[in-house]
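Naming: A, B, ... by sequence-line order, numbering from 1 per chain. Excluded from the calculations below are hydrogen atoms, water molecules and symmetry mates; all remaining heavy atoms, backbone and side chain alike, are included. Keep in mind the model is a prediction, meaning the values are calculated, not measured.
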Number of protein chains: 2
Amino acid sequence: MHFASSLKFILMSKDKKRSNCPISCSLELWGDKWSLLIIRDLMFAKQCTYGDFLKSEEKISTNILAARLKTLEQQMVIEKLEHPTSKSKVLYQLTKKGIDILPILVEINLWGEKYYDDLPDRTIALLSDVKKDKKGFINKTMKKLDID
Amino acid sequence: MHFASSLKFILMSKDKKRSNCPISCSLELWGDKWSLLIIRDLMFAKQCTYGDFLKSEEKISTNILAARLKTLEQQMVIEKLEHPTSKSKVLYQLTKKGIDILPILVEINLWGEKYYDDLPDRTIALLSDVKKDKKGFINKTMKKLDID
DNA sequence: TTAAACTACTTGCAAAATGCAAGTGAATTT
DNA sequence: AAATTCACTTGCATTTTGCAAGTAGTTTAA
C-alpha cells in the first residue's frame, strides 16, 4: 500500500515541473482562466458552497469547477469543511497558502483599474480601501479570512 | 474598408467579456500557462528576440509563442521593434501597460518563495532586493525598463 | 558568390482541455 | 411520499495545446 500509493503518486501526478521559477510553478497551479476567480470568490466571501461558485457572474461550468476545486484542494490552496447545518452542502475556504495569494489579487486589481473601464462597484470600493493603505488593507483582510 | 474591418473586428474578436471584474479581464488576457513567462523574460531582459524566448528554461513551443506574442501585441502589453543591426531579427519589449505588470510578478515571486523550494539564483537575488525595499525595487526596475 | 546556417515564424496533426447539456444519487423540504 | 436541492459526474462536440516538420527571407562562412 505504501509502495503502491507512492508509485501512483509518481505515475499520476503531473509534477514534471517546467522549471523552479516561482512564476512558472505558480502558473502550473493556477495559470488558467478560472482558478483565480475561485480564489477571488473565497477572498470576498470567506466560505463558499459549490453552488455559490456556480452563481458567480463569469458562469464557470460545473465540470470545470469540480476539476479546479479538486486540484486546488490537492495543492492545499483551499480546503473542504462540513456545513454546520446541512449534510448535503459542502463549504470551501482558503488555507493559509490560499490566503497568501491576496497580495497578488490586490496587484491585479490595481493593474486592472488602470487598463479596464466599468469596474464593478465592489472592486471600486476595494480599491478605494487599498489605495488609502495597502498594507493595512491586506492585514485586515487576511485577519478576516484567517482560519478559526 | 472601414466597414469591413470594423465588421471583422466585431465578428472575429472574442471580446465577449465574462464580466467587468479586473481579475476576470486580466485572466482573459494572460490567464494561461505561458503569457506571464514571456512577460517575465522581458522584465529581466528588457528586450528579447523570438529566439530568446524559445531558449527559456520552460521550453515554450514555437507556435504557442507566436500566438501569445501576437495577442500580447494586439493588447498592447508588448511591442515589436526593429533590431539595430540585423534585418532578420525582431526585438520585443514591454509597453507601459506591460511594465505595469511588474508588481504582480513581484507578488507572485514572494508567494512562490513561501511555497516552493529550490528557487533559481536570479529569483533569490531578486527577492533579496525586493525584501529590502519593495517600492524602491519596483521603481528602480520600472525606470530601467522604461521606453527610451 | 554561393551554399550552409540562422532568423522568425507557419502548417499539419494528434492529444488534451474546455464547454455545454443532461444525468445521478444522497439530503432536504414540502 | 414526492418534489426539490445539493454536489457533483458523464458524454460529447469544439477548442486549445504540443510536437515535429516546413518555409521564406537574412546572414555567415568557404
Side-chain angles (χ1 to χ4, degrees), chain A residues 11-19 24 27-38 41-42 45 47-75 78-93, chain B residues 11-19 24 27-38 41-42 45 47-75 78-93:
Chain A
L11 294 175
M12 289 194 50
S13 67
K14 38 166 186 180
D15 57 355
K16 28 177 174 200
K17 286 205 285 183
R18 300 180 293 188
S19 78
S24 174
L27 290 175
E28 293 190 57
L29 170 48
W30 46 256
D32 66 83
K33 302 236 178 299
W34 295 107
S35 296
L36 279 185
L37 294 182
I38 292 171
D41 286 351
L42 289 171
Q47 294 183 329
C48 293
T49 65
Y50 193 89
D52 289 336
F53 293 117
L54 290 177
K55 276 175 222 140
S56 275
E57 206 186 347
E58 292 86 4
K59 296 277 157 270
I60 190 171
S61 54
T62 171
N63 55 339
I64 306 290
L65 175 59
R68 291 296 175 278
L69 289 173
K70 188 188 276 185
T71 71
L72 288 173
E73 196 195 353
Q74 282 171 348
Q75 300 298 311
I78 64 174
E79 59 191 346
K80 279 187 188 188
L81 257 74
E82 54 179 38
H83 195 280
T85 64
S86 165
K87 257 191 206 172
S88 73
K89 291 186 184 175
V90 177
L91 282 180
Y92 290 92
Q93 73 176 17
Chain B
L11 292 175
M12 290 193 49
S13 68
K14 36 165 186 178
D15 59 354
K16 29 180 170 193
K17 285 204 287 185
R18 300 180 292 188
S19 77
S24 174
L27 290 174
E28 294 190 58
L29 169 48
W30 46 256
D32 66 85
K33 303 235 177 296
W34 295 107
S35 296
L36 280 185
L37 295 182
I38 292 171
D41 286 350
L42 289 171
Q47 294 183 327
C48 293
T49 64
Y50 193 87
D52 289 335
F53 293 118
L54 290 177
K55 276 175 222 137
S56 275
E57 206 186 346
E58 291 87 4
K59 296 278 159 270
I60 189 170
S61 54
T62 171
N63 56 339
I64 306 290
L65 175 59
R68 291 297 175 276
L69 289 173
K70 188 189 275 183
T71 69
L72 288 173
E73 196 195 354
Q74 283 171 348
Q75 299 299 310
I78 64 175
E79 58 190 348
K80 279 187 188 188
L81 256 74
E82 55 179 38
H83 194 279
T85 64
S86 167
K87 257 190 205 171
S88 74
K89 291 186 184 176
V90 177
L91 283 179
Y92 290 92
Q93 72 176 15

Basic-acidic side-chain contact under 4.0 Å: Glu28(B), Lys17(B): no

Interface residues of residues 51-69 of chain B with DNA chain C (non-hydrogen, below 4.0 angstrom): Gly51(B), Thr62(B), Asn63(B), Ala66(B)

Taking [atom1] from [X] and [atom2] from [N], how many angstroms apart are they, rounded to a whole number?
{"X": "Lys16(B)", "N": "dT15(D)", "atom1": "NZ", "atom2": "C1'", "result": "11 Å"}
{"X": "Tyr50(A)", "N": "dG25(C)", "atom1": "OH", "atom2": "P", "result": "17 Å"}
{"X": "Lys80(B)", "N": "dT7(C)", "atom1": "NZ", "atom2": "P", "result": "16 Å"}
{"X": "Glu28(B)", "N": "dT16(D)", "atom1": "CD", "atom2": "P", "result": "12 Å"}
{"X": "Lys33(A)", "N": "dG19(C)", "atom1": "NZ", "atom2": "P", "result": "9 Å"}
{"X": "Glu82(B)", "N": "dT7(C)", "atom1": "CD", "atom2": "C1'", "result": "15 Å"}
{"X": "Leu72(A)", "N": "dC8(D)", "atom1": "CG", "atom2": "C1'", "result": "16 Å"}

Tell me the closest heavy-atom pair linking [X] and [Y], and the distance in Å.
{"X": "Glu82(A)", "Y": "Leu91(A)", "answer": "O-CD1, 4.4 Å"}
{"X": "Tyr92(A)", "Y": "Leu42(A)", "answer": "O-CD2, 3.3 Å"}
{"X": "Trp34(B)", "Y": "Glu58(B)", "answer": "CH2-O, 3.4 Å"}
{"X": "Gly31(B)", "Y": "Lys33(A)", "answer": "O-NZ, 3.0 Å"}

Phosphate OP1/OP2 of dG18(D): any Trp34(B) side-chain N/O under 4.0 Å: yes

Phosphate contact (dA8(C) OP1 or OP2) by Thr49(B) side-chain N/O below 4.0 Å: yes

Rounded to the nearest 0.5 Å, what separation is found between the [atom1] atom of [X] and the [atom2] atom of [Y]?
{"X": "Asp41(A)", "Y": "Asp52(A)", "atom1": "CG", "atom2": "CG", "value": "8.5 Å"}
{"X": "Ser35(B)", "Y": "Leu69(B)", "atom1": "OG", "atom2": "CG", "value": "9.0 Å"}
{"X": "Lys59(A)", "Y": "Leu54(A)", "atom1": "NZ", "atom2": "CG", "value": "8.0 Å"}

Just the table, please: protein N/O against nucleotides 27-29 of chain C N/O, every pair under 3.5 Å.
unit_1	atom_1	unit_2	atom_2	d
dA27(C)	O3'	Ser88(A)	N	3.2
dT28(C)	OP1	Lys87(A)	N	2.3

Sub-4.5 Å side-chain heavy-atom contact between Leu27(A) and Asp32(B): no

